[in-house]
Amino acid sequence: LDYMIKDRVINYTIGFSLALPIILIYLYFFITSMDFALDRINYIEIMANPFQGREEPLIHYYSYISNKIIANPVFRLVFLQVFAIFLLLITLIRKLKVYSLGNFIKLLTSLLIFFSVFSNMLGVQLRIGYATILFLFIAFYLEKKPSIRNILYFVVPCLMHMGVILPIILYYLFYYLRINNKKRYVIFVFFFLIVSTFLVNFLPYFLQIIGINAYYFDYLDSDQEFGRKYPFSVIFYLCFYSLK
């Protein structure tokens with residue numbers, strides 16, 4: 001047990017040390033982009049005035065509670081970003097066991113994917129990034145299996161952004177359908193893409209029936225801006241997985 005604890009401490013120390021320059025550079029760009037990054041003013045407004053927007057409740061609760069400690073709304077947002085990066089790092093370090101050059105390259109690749117593709121962290125929709133990180137933290141750091149008993153754990157990221165509902169459903173499907181090799185994965189993705197292509201036309205009506213805010217219809221609009229119209233993260237992930 002002592003050996004395992006020592007090995008884990010060394011693992012995290014090396015992983016944090018190697019990743020620190022990347023994180024610091026990213027935070028520099030994140031902080032200096034406050035005045036012009038898309039949607040950033042909306043998040044600062046959430047930090048200044050919680051419970052006044054259309055967003056999911058978790059970020060509003062964070063704003064309300066953190067206001068007791070951090071008065072400046074910009075600082076509150078930066079702290080949330082740092083906390084999210086911390087959760088992401090410890091999750092990746094534990095999963096990838098970053099104590100060798102090969103595993104550090106995996107960590108570096110993962111960070112580049114998150115910081116450049118997933119969640120558009122320097123641009124729009126910070127919340128989907130936070131929700132994704134919470135999902136990964138629950139699944140791979142806390143190692144919660146997709147079971148009925150653990151559903152409440154997986155509800156938490158959905159309270160940050162409903163965009164992770166589909167990935168969580170897929171996580172449960174992968175687990176219960178035993179999709180644990182490349183052949184089953186390719187077959188599942190093939191049929192899933194076919195089915196979802198037909199179902200997406202009915203999705204706006206379904207969202208309207210269950211009372212989802214009309215704002216989210218914009219994501220299905222063909223006239224949407226380039227970054228939201230095309231699922232770069234999905235395409236990138238599929239390509240990345242095929243190279244494993």
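Count residues from 1 along the sequence.
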Checklist entry - About how many Å separate CD1 of I46 and CD of E55, when rounded to the nearest 0.5 Å? => result 3.5 Å
Checklist entry - To the nearest 0.5 Å, what is the distance between NZ (K68) and OG (S66)? => result 10.0 Å
Item to check | Min side-chain heavy-atom separation L27-I85 under 4.5 Å | outcome: yes
Checklist entry - Do E56 and R127 meet the salt-bridge criterion of a basic N to acidic O distance under 4.0 Å? => result yes
Next on the checklist: Please say yes or no: joined through hydrophobic side-chain contacts below 4.5 Å, possibly via intermediate residues, are V186 and F188 part of one cluster?
Outcome noted: yes
Checklist entry - Is the number of heavy atoms from other residues, nucleotides or ligands within 6.0 Å of CZ (F79) greater than 12? => result no
Item to check | Heavy-atom side-chain proximity of Y130 to L126 below 4.5 angstrom | outcome: yes
Item to check | Chi angles and distances behind the salt bridge (charged side-chain N to carboxylate O under 4.0 Å, His left out) call for K95, E143 | outcome: CA-CA 10 Å; K95 186 66 177 176; E143 296 182 340; over 6 Å; no
Next on the checklist: Within this structure, what is the CZ-CD1 distance for the pair F75 and I31, rounded to the nearest 0.5 Å?
Outcome noted: 9.0 Å
Checklist entry - By ring pair (Phe, Tyr, Trp, His ring centres under 6.0 Å), which residues pair with Y172, not counting sequence neighbours? => result F154
Checklist entry - For K144, does its backbone N or O pair with a side-chain atom of N150 as donor and acceptor, under 3.5 Å? => result no
Checklist entry - F83, V164: one ILVMFWY side-chain cluster at the under-4.5 Å cut-off? => result yes
Checklist entry - Between Y26 and Q81, do the side chains contain an N or O donor and an N or O acceptor separated by less than 3.5 Å? => result yes
Item to check | Stepwise side-chain contact (heavy atoms from CB on, under 4.5 Å) check, Y141 with L87 | outcome: CA-CA 9 Å; Y141 187 86; L87 291 184; over 6 Å; no
Checklist entry - Within a strict 4.5 Å, meaning less than it, do heavy atoms of the Y62 and L58 side chains meet? => result no
Next on the checklist: Any heavy-atom pair between the side chains of P157 and I138 that's under 4.5 Å?
Outcome noted: yes
Checklist entry - Under 3.5 Å, side chain of N181 to main-chain N/O of R184, donor-acceptor pair present? => result yes
Checklist entry - Hey, any chance L152 and F137 share a hydrophobic cluster, counting ILVMFWY side chains that come within less than 4.5 Å of each other, even indirectly? => result no
Next on the checklist: As an exercise, state the distance from OG1 of T91 to CZ of F140, rounded to the nearest 0.5 Å.
Outcome noted: 9.5 Å
Checklist entry - What residues, two or more places apart in sequence or in another chain, satisfy side chain to side chain contact (heavy atoms under 4.5 Å, CB included) together with V74? => result M34, I44, N72, V78
Checklist entry - Is the shortest heavy-atom distance from the side chain of V155 to the side chain of I151 under 4.5 Å? => result yes
Checklist entry - Taking Y171 as the fixed residue, which of F135, Y153, Y176 is the one that meets the ring-ring contact (aromatic ring centres under 6.0 Å, His included) rule? => result F135
Checklist entry - Is R40 salt-bridged to E45, cutoff N-O under 4.0 Å? => result no
Item to check | Within-4.5 Å side-chain heavy-atom neighbours: Y61 and P57 | outcome: yes
Checklist entry - Heavy-atom distance under 4.5 Å between the side chains of Y43 and I59, does that happen here? => result yes
Next on the checklist: So, using ring pair (Phe, Tyr, Trp, His ring centres under 6.0 Å) as the criterion, who are the partners of Y64 when residues are at least two apart?
Outcome noted: F51
Checklist entry - Closest heavy-atom contact between M160 and A131? => result CG-N, 3.7 Å
Next on the checklist: Looking at every heavy atom in both S63 and A48, which two are closest together, and how far apart are they?
Outcome noted: OG-N, 4.4 Å
Item to check | ILVMFWY network linking L159 to L142, side-chain heavy atoms under 4.5 angstrom | outcome: yes
Checklist entry - Checking side chain to side chain contact (heavy atoms under 4.5 Å, CB included) against L136, which of T132, L134, I133 comes through? => result T132
Checklist entry - Are L177 and F174 in one and the same hydrophobic cluster, where Ile, Leu, Val, Met, Phe, Trp and Tyr link if side-chain heavy atoms are under 4.5 Å apart? => result yes
Item to check | Sub-4.5 Å side-chain heavy-atom contact between I179 and I187 | outcome: no
